[in-house]
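Since the structure comes first, as structure tokens, the remarks are kept for the end.
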Amino acid sequence: MALPSLTLLGQSLLSGIFIGALYGLLGLGLSLSWGMLRQINLAHFALAFLGAYLTYQLAGAGMDPLATLAVIVPCFFALGALMHWLLARFSVSAFNSLLVTFGLTAIIEALIQWIWTADFRRMESAYGEVKFRVGALYVALPELLTLAMALALSLAVWAWLRHTHTGKAMRAIAEDAPIAAAFGVNVRRLSLLLSGLSAAFAGVAGLALALSYTLAPGQIYAWLGVVFAAVMLGGLGNPLGPLVAGIVIGVSEALTMAFTTPAWAPLVSFSLLIVVLLARPGRI
Amino acid sequence: MLEIERIRVSYGAAPAISEVSIRIGPGELACVVGPNGAGKTTLINAIAGLHSIEAGALRLDGRDLSRLPRHAFCGEGIAIVPEGRRLFAGMNVRENLELGSYRRAARARRTESLDRVCEVFPILRERLEQPAGTLSGGEQQMLAIGRALMAQPRLLLLDEPSLGLAPAMVLAVFKVIKEINAGGVAVLLVEQNAALALEIAARAYVLEEGRIAAEGSPEALLAQPHIRRAYLG
Ligand SMILES: Nc1ncnc2c1ncn2[C@@H]1O[C@H](COP(=O)(O)OP(=O)(O)O)[C@@H](O)[C@H]1O
Ligand SMILES: [Mg+2]
């Protein structure tokens with residue numbers, strides 16, 4: 001086996017961190033609604049792609065990709081709250097939420113296909129071409145933006161849950177919602193807020209997808225396995241978990257690819273997941 | 001102050017309690033005793049807003065609470081120490097106490113309440129930054145009572161506070177309950193440990209199979225041989 005050069009190794013490490021940041025960004029909302037509200041929202045991925053396509057569309061109409069967040073974030077917040085309201089109204093269990101949101105995924109996929117067809121779409125933007133040179137290594141601006149957004153959102157949620165009045169009430173809801181309500185916490189309102197935030201994070205992840213990737217409706221499913229692994233590795237409901245675990249997975253994948261062949265990479269995340277689940281059963 | 005009139009609460013189709021009526025005067029200490037599965041927890045949880053009430057009335061100082069949303073019961077002055085304590089195990093002691101004073105009126109007096117709770121339970125002051133899940137059983141019970149006190153209740157509901165505690169700890173907890181009551185807070189105490197509960201209560205109810213089987217002063221109840229036999233062994 002030939003050893004890769006230091007530059008190649010450095011470049012793999014960097015790309016691992018960046019792809020890991022995207023795993024973390026995609027996993028953040030999923031982990032929060034799963035861990036805190038016991039709703040496993042498979043449609044999170046479809047929402048992220050819907051966000052990506054909307055970014056593509058708005059950018060095509062001349063908007064700055066980052067400015068599209070001003071439209072997408074509020075719309076997705078409302079959409080997430082609406083979805084939660086529907087799931088709560090029919091008191092869907094965690095397992096049934098998986099089935100219902102799987103159905104929703106198919107609907108959103110069909111919608112995307114209907115509007116944008118199954119053709120590949122690539123957003124043209126001024127950001128796409130910008131690259132920075134750090135020593136012998138290159139860093140692309142879209143990836144840097146993804147990392148920045150993932151870090152900012154994860155840390156913001158962490159600080160919210162740790163240090164604010166409503167954030168602490170949210171943690172209480174995650175542990176025992178009826179008792180939290182008995183002490184005056186408006187569980188319904190905070191759950192709507194968290195679901196809205198989760199969906200808004202899917203919208204932000206959509207922007208990251210549109211910045212770095214070519215879009216096709218079938219791609220929705222490509223991210224599912226590895227992001228689930230990051231969410232579970234990171235600990236459900238832990239706001240920093242998906243990002244940290246995502247980066248661990250991303251880097252391991254990248255190093256595996258550098259040392260062996262790309263075909264081995266997907267094995268890494270799931271082996272990691274299985275090892276961790278065996279090592280600390282009951283934690284998820 | 002609390003008047004419950006013929007309430008019914010069900011899980012699914014079968015009612016767990018029905019036609020239950022109880023009254024607690026201002027500052028009174030009342031207790032409900034009864035065998036396992038009689039519906040004591042169901043009753044006390046319904047008063048705290050944890051279960052919806054299917055039929056009957058629940059009034060506090062004349063105000064009907066049975067149609068209130070769940071999170072509004074606390075604002076009426078009711079706080080619960082639930083069965084099994086149900087602390088927020090992953091949050092630390094301070095956060096658990098602070099959550100007790102979540103609603104605005106209680107929040108305004110949070111520092112003062114926290115000081116008072118730590119005076120009653122000095123051990124909690126030493127444990128403030130420790131996760132609630134790492135406390136011993138007795139400390140957890142103190143924290144559950146402390147959390148309820150942080151809400152500045154007018155009516156304190158306690159569901160089996162002696163469960164799983166060492167005898168010395170049980171006595172300490174009962175002493176605190178008496179002190180809280182002496183401070184003007186009405187108390188409804190649910191206990192398997194009927195001897196102790198009847199000793200400190202001014203008024204007692206016997207709940208059996210979801211219905212009130214007997215009520216009156218503890219002395220009057222204990223004068224009835226079959227109740228004596230059933231609850232004091
Ligand atoms: N969550 C529940 N679902 C269904 N039945 C329940 C539930 N909780 C309690 N019950 C039933 O309601 C009755 C009263 O229970 P409970 O109020 O816990 O009694 P106690 O506190 O006096 O032991 C019991 O028959 C019990 O089996
Ligand atoms: Mg009980």
Side-chain angles (χ1 to χ4, degrees), chain A residues 31-38 84-85 88-91 93 157-195 231-232 234-242 280-284, chain B residues 41 44-52 65 68-92 94-108 110 113 131-133 143-144 146-153 155-157 159:
Chain A
S31 177
L32 291 175
S33 55
W34 188 353
M36 313 203 91
L37 305 176
R38 311 281 176 275
H84 175 79
W85 183 77
R89 193 181 154 84
F90 299 105
S91 359
S93 68
V157 174
W158 179 84
W160 174 58
L161 291 175
R162 189 72 26 196
H163 294 299
T164 70
H165 191 60
T166 46
K168 290 179 195 179
M170 196 65 239
R171 280 161 63 210
I173 290 175
E175 292 211 35
D176 192 332
I179 291 296
F183 284 99
V185 176
N186 189 334
V187 173
R188 195 180 303 175
R189 197 159 66 192
L190 278 182
S191 303
L192 283 173
L193 172 68
L194 190 80
S195 304
V231 164
M232 287 159 82
L236 298 180
N238 174 355
L240 301 180
R280 48 159 217 207
R283 267 297 305 280
I284 74 144
Chain B
T41 297
I44 209 166
N45 284 353
I47 300 172
L50 291 167
H51 293 309
S52 36
L65 307 188
L68 280 186
R70 294 185 173 187
H71 63 269
F73 278 67
C74 187
E76 299 292 324
I78 298 176
I80 186 167
V81 178
E83 185 174 59
R85 317 190 238 280
R86 294 173 71 171
L87 297 171
F88 306 112
M91 297 167 65
N92 66 29
R94 183 193 295 281
E95 289 168 334
N96 270 272
L97 290 173
E98 283 177 357
L99 204 109
S101 58
Y102 179 79
R103 67 189 180 86
R104 192 154 303 171
R107 209 183 310 161
R110 180 174 278 172
S113 310
L143 179 53
R147 179 177 65 180
L149 289 180
M150 292 293 290
Q152 304 259 353
L155 171 64
L156 180 65
L157 308 170
D159 194 349

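All values derive from a computational prediction rather than experimental measurement. Order of the sequence lines fixes the chain letters, A, B, ..., with proteins taken first and strands second; residue numbering starts at 1 for each chain.
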CG of B:Leu99 to CD of A:Glu175, rounded to nearest 0.5 Å, is 10.5 Å
One option among B:Arg147, B:Arg70, B:Met150 has the most heavy-atom pairs under 4.5 Å with chain A, and it is B:Arg147
So, the part of B:Arg107 with a heavy atom under 4.5 Å from chain A: the answer is side chain
Exercise for the section: Using a 4.5 Å cut-off on heavy atoms from C-beta on, say whether the side chain of A:Arg188 contacts that of B:Pro69. Expected result: no
Closest non-hydrogen contact found for A:Leu190 with B:Tyr102 is CD1-OH, 4.3 Å
Comparing B:Gly100, B:Ala151, B:Gly49 against chain A, the one with the most heavy-atom pairs below 4.5 Å turns out to be B:Gly100
On a heavy-atom basis, the closest approach of A:Arg171 and B:Gly90 is NH2-O, 4.3 Å
If one checks every heavy atom of B:Ile80 against chain A at 4.5 Å, the contacting part turns out to be both
Residue pairs passing the salt bridge (Lys or Arg N to Asp or Glu O under 4.0 Å) test with at least one member in residues 157-169 of chain A, sequence neighbours excluded, are A:Lys168-B:Glu98
Turns out that what part of B:Ala106 lies under 4.5 Å from chain A's heavy atoms comes down to neither
A:Ile179 and B:Pro82 have their tightest heavy-atom pair at CD1-CG, 3.6 Å
Rounding to 0.5 Å, atoms CE (B:Met91) and CG (A:Leu161) come to a distance of 10.0 Å
Go through it in stages, so that I can follow the logic: the residues are A:Arg189 and B:His71, the test is side-chain hydrogen bond (donor to acceptor under 3.5 Å, both in side chains), and I'd like the CA-CA distance, side-chain angles, deciding distance and then a yes or no. CA-CA 11 Å; A:Arg189 197 159 66 192; B:His71 63 269; over 6 Å; no
Correct closest heavy-atom pair for A:Gly184 and B:Cys74 would be N-CB, 3.8 Å
Nearest heavy-atom contact between A:Ala182 and B:Ala48 is CB-O, 4.3 Å
- Message: With a 4.5 Å cut-off on side-chain heavy atoms, are A:Asp176 and B:Leu87 touching?
- Response: no
All heavy atoms of A:Phe183 vs all of B:Ala79, minimum pair found to be CE2-CB, 4.4 Å
